[in-house]
Peer 1: 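Mind looking over this structure? Questions follow.
We name chains A, B, ... by the order of the sequence lines, and we start the count at 1 in each one.
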Protein chains: 2
Amino acid sequence: MNIGEIARRAGVSRSTVSYALSGKRAVSDETRRRVQAVIDELDYRPNAAARALKEGRTRTLGLVIPPASLRLTDMQLDFVASVVEAAARADLDVLLSPSGGDHDRSFERVVSGRRVDGVILMEIRLEDERVTRLQQTGVPFVTIGHTANPDGTCWVDVDYATLIARCVHHLADLGHRRIALVNRSAELVASGYGPAQRALSGFTEAIAQRGLTGVDLCCADDATAGAACLAQLRDEHPDITAIVTINEAALPGIQRALEQARVAVPEDLSITGVLARHWAEDFRPPLTAADVPTEMGTYAVDLLIERIATPEAPPRHLLFTPAISLRASTGPTPRR
Amino acid sequence: MNIGEIARRAGVSRSTVSYALSGKRAVSDETRRRVQAVIDELDYRPNAAARALKEGRTRTLGLVIPPASLRLTDMQLDFVASVVEAAARADLDVLLSPSGGDHDRSFERVVSGRRVDGVILMEIRLEDERVTRLQQTGVPFVTIGHTANPDGTCWVDVDYATLIARCVHHLADLGHRRIALVNRSAELVASGYGPAQRALSGFTEAIAQRGLTGVDLCCADDATAGAACLAQLRDEHPDITAIVTINEAALPGIQRALEQARVAVPEDLSITGVLARHWAEDFRPPLTAADVPTEMGTYAVDLLIERIATPEAPPRHLLFTPAISLRASTGPTPRR
DNA sequence: ATGTTCTGTCGAACCGATTCGGCGAACCGA
DNA sequence: TCGGTTCGCCGAATCGGTTCGACAGAACAT
């Protein structure tokens with residue numbers, strides 16, 4: 001079922017079939033109808049590889065995801081889903097490549113085998129060799145999160161520093177003087193993971209600015225660690241009256257530990273942070289939090305499409321600073 | 001940087017470069033070294049589209065996922081991750097296609113544009129038109145979950161019926177007489193979603209076999225619905241002493257409702273079911289449950305690779321029936 | 001009647017790989 | 001010394017599309 005077969009059956013040349021399909025040159029209505037009839041009958045669709053070879057583009061986007069060993073957070077999952085959805089809307093396919101572990105063959109295939117027109121890179125480190133590699137090969141790319149020197153690249157990101165600072169200010173306005181930051185895991189922080197580092201810097205700055213007392217701790221990304229983290233906090237810093245967090249996976253554990261210790265939210269302890277909306281809403285009581293927009297992936301795809309079209313244009317960035325949604329988990333300092 | 005450029009610089013013909021790379025014909029060591037040197041210098045990699053066109057295969061697998069609107073469960077996520085990982089090990093790439101919503105253009109591109117060598121289809125309905133479509137086009141495919149008439153197709157699946165029955169028997173052995181099944185959402189059951197339906201049939205059968213009293217309810221896939229479901233259960237069927245479930249997303253809500261109502265597990269109520277291991281382990285107390293294997297995706301990929309190699313071979317199936325892991329959430333019937 | 005423009009179609013080149021048939025040189029045994 | 005193999009390489013065809021130049025015929029202006 002190639003284009004030649006269609007041409008023969010319709011009694012025209014191969015180029016005419018091509019033009020009838022693409023509309024790039026005029027074709028008489030009569031001919032177009034005849035061609036279309038044959039196409040419908042045989043359920044013909046042009047071979048993607050042949051088209052890609054001739055056109056020099058694949059109509060495919062590469063999405064580099066963290067390896068399966070690191071389990072994806074809900075936010076990352078939302079991101080992948082919205083990327084795929086947005087690409088589908090633009091009639092683009094998405095090729096997945098696990099990377100960051102030892103699957104570098106996959107990454108190499110995707111970036112230098114010209115399998116894709118552009119790449120979206122998630123889980124960026126502040127110093128990331130994959131970015132360097134992409135710049136070398138000249139493949140258009142957009143990162144989710146940004147590196148230490150972000151001016152030369154395209155990216156979308158959440159402004160963790162500002163958002164965490166806003167959370168601190170919100171708590172300070174309510175009268176809180178001693179606040180804890182529950183960050184992501186120690187390994188992530190150590191490896192230069194942007195969100196974790198920027199959350200910390202936003203936290204320390206805001207704490208200093210308001211003259212408060214701040215405690216920051218790392219917490220692995222699971223419920224058990226969350227429970228342990230809350231226990232440790234109440235043990236070592238019993239005077240803390242509010243918590244700020246970006247660690248979604250720890251929330252169920254925190255919830256459990258709170259109930260076990262009979263700590264009432266927000267009467268005894270206020271909780272807020274930067275979280276995917278559904279995590280905030282699933283907590284009891286629902287968490288006052290900056291909701292990370294789920295359409296980040298959509299914006300990344302738009303940016304990438306734009307970059308593919310005009311690679312010489314100066315790189316653009318999108319930094320999201322969503323407003324804090326007031327729910328029920330923050331309140332005035334408890335009286336003792 | 002095409003193969004002609006390499007040939008010119010190495011002073012050989014294009015075919016020699018190709019043979020040096022593939023090893024399909026003898027090439028002298030001297031020539032091979034010279035070619036390799038040029039390739040390394042220019043960082044050359046063959047154009048994937050050209051190769052796919054000539055070879056008639058793309059070295060790419062298609063993975064059809066549910067659309068983003070339905071949020072993926074953790075089990076599905078594990079599955080996607082393990083598919084991508086297994087494909088990468090076999091030097092295959094994975095093309096994502098959201099389908100089941102209204103993005104059928106994407107599905108059509110993937111299956112009939114010869115963009116992939118084979119397809120993995122997840123979230124199968126008992127009657128699924130996508131399966132019919134794939135059979136029409138003759139693209140090799142493997143489904144995760146199976147349709148009403150499963151003999152003609154390749155699939156991997158979890159034997160929900162048997163596993164849920166085993167859970168019931170386990171509880172019956174402990175003395176429980178009145179057991180509830182917390183199923184997935186009513187819509188899923190209504191739409192003919194296999195796991196939900198087979199869980200139900202396994203449940204009813206085992207209940208009848210042991211002469212027990214069974215209650216089955218549907219529960220939306222989120223924490224709030226989980227809490228509501230447990231409340232309803234304790235309200236309408238206060239004599240229930242054990243719960244069996246396959247609804248992971250409802251667990252945090254169930255946990256919360258239990259703690260609020262001061263119901264002790266397993267002293268007042270036993271809980272078990274078929275769940276991804278990490279959900280079972282994150283519960284307090286850890287749930288006795290049949291752990292759904294995380295490597296399902298690996299098996300699906302293996303099966304698909306096999307099917308691509310020998311499409312005429314009779315279709316194979318893999319039905320998983322993992323043993324129940326005894327943890328701490330089931331115990332003898334409470335004395336009143 | 002003649003020259004010009006416009007329409008619709010065709011043929012051929014091309015994208016970048018793989019692969020088959022063939023060919024010269026080296027090597028073998030008789 | 002000569003016929004037959006083997007080895008290593010080359011040239012050309014091929015996969016299935018897209019696109020450019022050419023061209024016949026109709027429409028139109030002069």
Peer 1: Residues in side chain to side chain donor-acceptor pair (under 3.5 Å) with Thr298(B), at least two apart?
Peer 2: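 Result, side chain to side chain donor-acceptor pair (under 3.5 Å) vs Thr298(B): none returned.
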Peer 1: Please list, by residue number, the residues of residues 50-62 of chain B whose heavy atoms come closer than 4.0 Å to an atom of DNA chain C; answer none if no residue qualifies.
Peer 2: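 Listed by number, they are Ala50(B), Arg51(B), Leu53(B), Lys54(B).
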Peer 1: With the threshold set at 4.0 Å, does a side-chain nitrogen-carboxylate oxygen contact exist between Glu30(B) and Arg34(B)?
Peer 2: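 A salt bridge is present here (some side-chain N lies under 4.0 Å from a carboxylate O).
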Peer 1: Kindly state which residues belonging to residues 18-35 of chain B come within less than 4.0 angstrom of DNA chain C, counting heavy atoms of the residue only, listed by number.
Peer 2: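 Nucleic-acid contacts, sorted: Ser18(B), Tyr19(B), Lys24(B), Arg25(B).
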Peer 1: Do Arg105(A) and Glu108(A) meet the salt-bridge criterion of a basic N to acidic O distance under 4.0 Å?
Peer 2: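 Judged by the 4.0 Å cut-off on N to carboxylate O distance, Glu108(A) and Arg105(A) do not form a salt bridge.
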Peer 1: Looking at Asp117(A), is its backbone amide N or carbonyl O close enough to the side chain of Arg59(A) to form a donor-acceptor pair, meaning the two atoms are under 3.5 Å apart?
Peer 2: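 Between the backbone of Asp117(A) and the side chain of Arg59(A) there is no qualifying donor-acceptor contact (under 3.5 Å).
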Peer 1: Within this structure, what is the CG-CG distance for the pair Leu63(A) and Asp93(A), rounded to the nearest 0.5 Å?
Peer 2: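 Output value for this atom pair is 13.0 Å.
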Peer 1: Do Asn2(B) and Arg14(B) have side-chain heavy atoms sitting under 4.5 Å apart?
Peer 2: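 No, too far: nothing below the 4.5 Å cut-off.
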Peer 1: Please find the earliest and latest nucleotides of DNA chain D, in the 5' to 3' direction, that have an atom within less than 4.0 Å of any heavy atom of chain A.
Peer 2: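 Range of nucleotides within reach of chain A: dG16(D) to dA22(D).
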Peer 1: State, with a plain yes or no, whether a side-chain heavy atom of Gln76(A) is found less than 4.5 Å away from one of Ile65(A).
Peer 2: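 With C-beta onward as the side chain, the pair stays apart.
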Peer 1: Please examine the side chains of Gln136(B) and Arg133(B), heavy atoms only from C-beta on, and report whether any two atoms are closer than 4.5 Å.
Peer 2: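 With C-beta onward as the side chain, the pair touches.
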Peer 1: Students often mix this up, so state it plainly: with edges at 30° and 60°, are the rings of Trp155(B) and His317(B) parallel, tilted or perpendicular?
Peer 2: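 If you compare the ring of Trp155(B) with that of His317(B), the planes turn out parallel.
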Peer 1: Salt-bridge test for Arg9(B) and Glu5(B): reply yes if a basic N is under 4.0 Å from a carboxylate O, no otherwise.
Peer 2: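 Answer for the salt bridge query: yes.
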Peer 1: Any donor-acceptor pair under 3.5 Å linking the side chain of Thr310(A) with the backbone of Arg307(A)?
Peer 2: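 The answer is no, because no donor-acceptor pair under 3.5 Å joins these two groups.
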Peer 1: When you measure from the side chain of Ser28(A) to the backbone of Thr31(A), do you find a donor-acceptor pair of N or O atoms at a distance under 3.5 Å?
Peer 2: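 Yes; at least one donor-acceptor contact below 3.5 Å.
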Peer 1: Is Val158(A) close to Met296(A) at the side-chain level, that is, under 4.5 Å between some pair of heavy atoms?
Peer 2: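 Yes - at least one pair of side-chain heavy atoms lies under 4.5 Å apart.
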Peer 1: To the nearest 0.5 angstrom, please state how far the CZ atom of Arg32(B) sits from the CG atom of Leu21(B).
Peer 2: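 These two atoms lie 10.0 Å from each other.
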Peer 1: Considering the terminal five base pairs at each end of the helix from dA1(C)-dT30(D) to dC27(C)-dG4(D), what angle separates the two local helix axes, rounded to 10°?
Peer 2: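 Inter-axis angle at the termini of the helix from dA1(C)-dT30(D) to dC27(C)-dG4(D): 60°.
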Peer 1: When you measure from every atom of DNA chain C, which of residues 9-16 of chain B have a heavy atom less than 4.0 Å away?
Peer 2: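 Per residue number, the list reads Arg14(B), Ser15(B).
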Peer 1: Determine whether a donor-acceptor pair (N or O, by modelled atom type, separation under 3.5 Å) exists between the side chain of Arg125(B) and the backbone of Gly192(B).
Peer 2: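 Here the side-chain-to-backbone pair does not exist.
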